[in-house]
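Everything below concerns the one structure shown next.
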Amino acid sequence: MRLSKSFIPTLKEAPTEAVIPSHILMIRAGLARQLSAGIYSWLPIGYKALRKIMDIIREEMNAIGGQEFHFPSLNPKEIWEQTGRVEAFGDILFQIKNRDYVLAPTHEEIVAYHAKGAIVSYKDMPQIWYQIQTKFRNEPRPRSGVIRGRQFIMKDAYTLDKDDAGLDVGYDLHDKAYRSIFDRCRLKYFVVGASSGAMGGSKSEEFMVKSDAGEDTVAYCEKCGYASNVEVAQSVALPAKRHAESKPVYEISTPNVKSINELCAFLKIHEQETAKSRIYIHDGQPVLVLMLGNDEVNETKLGSVIGGNVRPAHPEELKEITGADAGSIGPIDFKHRIIADNLLKDANNLYSGANKNDFHIGGIDLLRDAPKIEYFDLRTVKSGEKCIRCGSTLEVFKAIELGHIFKLGTKYSEALGVMFLDETGKEKPIVMGSYGIGVERIFACFIEQNYDEKGIVWKEPLAPFNIHLIGLNMKNGAVSEACEKIYIELIADGYEVLFDDRKDVSAGFKFNDADLLGMPIQVIVGEKNLKEEKVEVKNRRTGEKKVVELNKLLELLKKPF
RNA sequence: CGGAACGUAGCGCAGUCCGGUAGCGCACUUGAAUGGGGUUCAAGGGGUCGCGGGUUCAAAUCCCGCCGUUCCGACCA
């Protein structure tokens, strides 16, 4: 492709709205432009790379027997009401104003709709149906460029099986296909066990990429590969002690001491000797959650332990329930349910709030002073703690969810009455699985992992072009002639070539554009080298340059350096 | 939805406090020079100052309302 005739609007400065590197570079390199919050237009070069990602996905999905569909984005609202998901999605679901349609945020309902009456026998299964298509979600806060948009491209796949054993097979096929897809896209990723959340179903795994722009937090063990969403992650941490002798309970004046850090500094004690209290409202009743030192309550764990509706108490409620404000609350004389983290089990000689502002209590023995206390794993794993699997050190970081695979089960087939007859002639609901990949997230994550101060650094096979051919001074007849010849030869040799044939652009400008766009190899044709029948070849990633004779160019390009 | 900031040319910004002819850099157009890392000189084009209302002789600037964008949080399959 000739740059002089292409729409590749590169920018020296990026709009201030772009904050993360992938977003800034996508815009600076002329790959995409924002239309509105969370809505992006893909420009030719960006779309070219995006298509390469989609091609890889197609190949891997076809390889496991997937059949490509194209379902409508515009869906009758009625079908969504039948599965209760108009309510479940709430404001996230886009609704059409002048007809009872919704814009599909995913396609379980539509797959089930088409399966109904068409997949009628166990002999019709298994089926793997997939599509690569635009999805719509009315995100309250789009952010990080294409990482969280209101409109985005998703590969979604669905398995239809006669039983759980069949679902297991389909799930494993997708697990393998996903690994191949992300491997081929040259991403550094990892797989975490996750909770299936509002999708329903039994088992789910997320494919994640480490990134500060991520919206999930993950605990990861480099050594053994243990990876888990912090919502459910566990670790080995030092428990509070039980000393041989319990001191009596005593009150301490602690003016203006609120946080655990302040308490430790004031009393010259260690965090391990303190217990932090948080008040939650559980189905209308107060619950005191006691944590060791500065440990954070993991609200997902709390929710699954006690069930029902749980929310943190409001500041006004704290005073009413405990008689004190946050920072002075403790388990002694607390009138309601108390649950504590396992690390505090049976500890003594602890310091905690006195339920009286500006006072704390020392000498707390949980066995003696809070006999009804219940213990659970309630803490949020922190970086540096030990892996529960291998004892090595855990790292906690932000991550972007690239893909998610679910064993759905029969939730949708039952809601929509999608039944088949099994070997014995018995009617059963079809067993479904659902498998998603954020196509644009692959794109953004790749850039997050492959850039430098000059710009993007593409790797095959995602690079929009294999070679960026630069004619330095195209007004020079020898240079332009040589370039034209090389351009034709490279194309004939099967390369995709972006040819900077602009006549009116200085050398430095072309170099910077080439580095910004980031094709893996640059072939640079300038007067000096050309006088000796030579051109320069530059590796974008390493910056390494080689000057070769014209007739050795194709040979050199065959072995990457 | 809670907190904060911003909105002036395609992009980055100044001007707003203290009302009085709308500016700068990059990009763009024309011409010339240059031609291996955003080169130089000259001459140009481009703006309902987010929208609506109000105050005023006069509003980018002051007041009110709305919209949009971004960040932090909440939310999130």
Side-chain angles (χ1 to χ4, degrees), chain A residues 7 9-20 23-24 27-28 30 33-39 83 85 88-93 104-108 135 137-145 147-150 152 154 156 194-201 204-206 213-217 229 231 299-300 311-312 314 400-401 403-408 411-412 433-438 453-455 470-480 500 502-516 522 524-531 534-536 538 543 545 547:
Chain A
F7 184 65
T10 57
L11 294 173
K12 197 169 178 176
E13 292 174 293
T16 38
E17 289 88 55
V19 176
I20 64 167
H23 189 194
I24 291 170
I27 292 179
R28 283 196 53 212
R33 283 281 171 93
Q34 181 170 333
L35 178 63
S36 178
I39 306 178
T83 56
R85 289 221 290 181
F89 270 103
D91 198 44
I92 296 293
L93 185 69
T106 175
H107 279 85
E108 282 80 10
K135 297 286 194 281
R137 295 183 192 185
N138 186 21
E139 293 289 349
R141 178 144 107 82
R143 69 182 98 177
S144 304
I147 288 172
R148 179 191 279 233
R150 294 208 169 113
F152 55 96
M154 185 172 177
D156 48 321
S195 69
S196 41
M199 286 294 285
S204 88
E205 270 172 4
E206 291 171 323
E215 299 174 328
D216 292 87
T217 309
N229 202 307
E231 289 182 347
E299 294 184 3
T300 307
R311 63 163 174 88
H314 302 306
I400 295 168
E401 180 187 339
H404 203 158
I405 58 179
F406 291 94
K407 290 188 180 178
L408 283 181
K411 176 179 169 172
Y412 297 95
S434 157
Y435 316 86
I437 291 180
E453 67 286 348
K454 285 287 197 175
I470 302 171
L472 285 184
N473 178 10
M474 290 297 288
K475 285 179 184 165
N476 178 297
V479 171
S480 74
D500 193 342
R502 292 175 293 184
K503 281 192 164 63
D504 49 359
V505 174
S506 71
F509 207 100
K510 290 189 176 189
F511 285 131
N512 282 310
D513 262 359
D515 288 345
L516 175 60
Q522 295 172 11
I524 301 153
V525 182
E527 274 177 84
K528 284 178 201 160
N529 284 324
L530 204 56
K531 276 178 188 154
K534 286 177 179 171
V535 292
E536 183 179 306
K538 177 181 151 183
K545 297 172 184 174
V547 177

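Each chain gets a letter, A, B and so on, in the order the sequences are listed, and its residues count up from 1. Given the structure is predicted, the values throughout are model-derived calculations rather than measurements.
Distance CD1 (A:I20) to C1' (B:C71): 13 Å, rounded to an integer number of Å. Distance, A:E527 CD to B:U34 P: 11 Å, rounded to whole Å. Rounded to an integer number of Å, the gap from A:K475 NZ to B:A33 P is 9 Å. Per the geometry, CD1 belonging to A:I24 stands 14 Å off P belonging to B:U70, to the nearest Å. Following rounding to the nearest Å, A:L472 (CG) and B:U39 (P) show an atom-to-atom distance of 15 Å. In this entry the distance linking CG of A:L516 with C1' of B:G37 reads 14 Å, nearest Å. Residue A:E299 contributes atom CD, which lies 7 Å from atom P of B:C75 at whole-angstrom precision. Rounded to a whole Å, the CZ atom of A:R502 is 13 Å from the P atom of B:U39.
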Report summary line: The contact string for nucleotides 6-13 of chain B, one letter per nucleotide 5' to 3', using protein heavy atoms under 4.0 Å with B, S and - for base, sugar-phosphate only and none, comes out as -----BSS
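With the nearest nucleotide of RNA chain B identified for both A:D513 and A:P140, A:D513 has the one nearer the 5' end. Between A:K12 and A:A18, it is A:K12 whose nearest contact on RNA chain B lies nearer the 5' terminus.
B:C49: no Watson-Crick or G-U partner with both key distances under 3.5 Å is found in any strand. With a cut-off of 3.5 Å on both pairing distances, B:A60 has no Watson-Crick or G-U wobble partner at all. B:A14 makes up no base pair with any nucleotide shown, lacking Watson-Crick or G-U wobble contacts both under 3.5 Å. Across all strands shown, B:C28 pairs with B:G44; the Watson-Crick or G-U wobble distances both stay below 3.5 Å. With a cut-off of 3.5 Å on both pairing distances, the Watson-Crick or G-U wobble partner of B:C1 is B:G73. Pair assignment for B:U39 gives B:A33, based on Watson-Crick or G-U wobble hydrogen-bonding distances that are each under 3.5 Å. Figure legend. B:C6 is base-paired to B:G68; pairs are counted as Watson-Crick or G-U wobble with both atom distances under 3.5 Å.
Across all strands shown, A:N476 has no heavy atoms under 4.0 Å from either base or sugar-phosphate atoms. Residue A:K510 is out of contact with every strand shown, counting any heavy-atom pair closer than 4.0 Å. A:P9 comes within 4.0 angstrom of nothing in the nucleic acid, heavy atoms only. Using a 4.0 Å heavy-atom distance criterion, A:K135 is classed as making no nucleic acid contact. Nucleic acid contact for A:V479: none, since no nucleic acid atom lies under 4.0 Å from a heavy atom of the residue.
Contact check, A:R143 against B:U69: no side-chain N or O comes under 4.0 Å of OP1 or OP2. Close to B:U34, at under 4.0 Å from its OP1 or OP2, lies no side-chain N or O of A:S506.
Taking atom P in both B:C51 and B:U69, one finds a spacing of 16 Å when rounded to whole Å. Comparing the P positions of B:U48 and B:A5 gives an interatomic distance of 29 Å, to the nearest angstrom. Atom name P, nucleotides B:G3 and B:C66: the rounded distance is 14 Å, in whole Å. Taking atom P in both B:G54 and B:C72, the straight-line distance is 39 Å, to the nearest Å. One P atom belongs to B:C49, the other to B:G10, and the distance between them is 13 Å to the nearest Å. Nucleotides B:G45 and B:U55 have their C1' atoms positioned 37 Å apart, rounded to a whole Å. Across the P atoms, B:C62 and B:G7 are found 12 Å apart, a figure rounded to whole Å. For the P atoms, the distance from B:U40 to B:A27 is 9 Å, rounded to whole Å.
At a threshold of 4.5 Å between non-hydrogen side-chain atoms, the residues A:R143 and A:E215 count as touching. A:L530 is listed as a side-chain neighbour of A:V479, based on a closest heavy-atom distance under 4.5 Å.
Within the 3.5 Å criterion, the main-chain N or O of A:I524 finds no donor-acceptor partner in the side chain of A:Q522. No side-chain donor-acceptor contact under 3.5 Å links A:K475 to the backbone of A:S480.
Across B:G36, B:A74, B:G35, the shortest atom-to-atom separation from the side chain of A:N473 is found for B:G35. Ranking B:G37, B:U69, B:C26 by closeness to the A:D515 side chain, first place goes to B:G37. Distance from the side chain of A:A37 is smallest for B:U69 among the nucleotides B:C71, B:G36, B:U69. Closest approach to the A:Q34 side chain among B:G36, B:G73, B:U69 is made by B:U69 (side chain taken as heavy atoms from C-beta onward).
Remark: the A:N529 side chain and the B:G36 base include a donor-acceptor N/O pair separated by less than 3.5 Å. At a cut-off of 3.5 angstrom, the base of B:G36 holds at least one donor-acceptor pair with the side chain of A:E536.
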Any N/O pairs under 3.5 Å between the protein and nucleotides 3-5 of chain B? List them or say none.
none

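Ion pairing of A:D515 with A:K538 is present here, as a side-chain N (NZ or NE/NH1/NH2) and a carboxylate O approach within less than 4.0 Å. Salt-bridge annotation for A:K135 and A:D156: present, with a side-chain N of the basic residue lying under 4.0 Å from a carboxylate O of the acidic one.
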Query - Check against side-chain contact (heavy atoms from CB on, under 4.5 Å), A:I400 and A:I147 - result: CA-CA 8 Å; A:I400 295 168; A:I147 288 172; 3.6 Å; yes
Requested in this report: Take A:D216 and A:N229, measure what side-chain contact (heavy atoms from CB on, under 4.5 Å) needs, and give me the verdict at the end.
Outcome: CA-CA 7 Å; A:D216 292 87; A:N229 202 307; 3.5 Å; yes
Report task. Using the side-chain contact (heavy atoms from CB on, under 4.5 Å) rule, take A:R28 and A:L516 through it: C-alpha gap first, then chi angles, then the decisive distance, then the call. Result -> CA-CA 8 Å; A:R28 283 196 53 212; A:L516 175 60; 4.0 Å; yes
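The distance from atom CD1 of A:I27 to atom OG1 of A:T10, rounded to the nearest 0.5 Å, is 13.0 Å. Of the inter-residue distances, the one linking A:H23 atom NE2 with A:I20 atom CD1 reads 7.5 Å to the nearest 0.5 angstrom.
With no hydrogens or angles considered, a side-chain donor-acceptor pair links A:H404 and A:S204 at under 3.5 Å. Under 3.5 Å, the side chains of A:T106 and A:E108 contain a donor-acceptor pair of N or O atoms.
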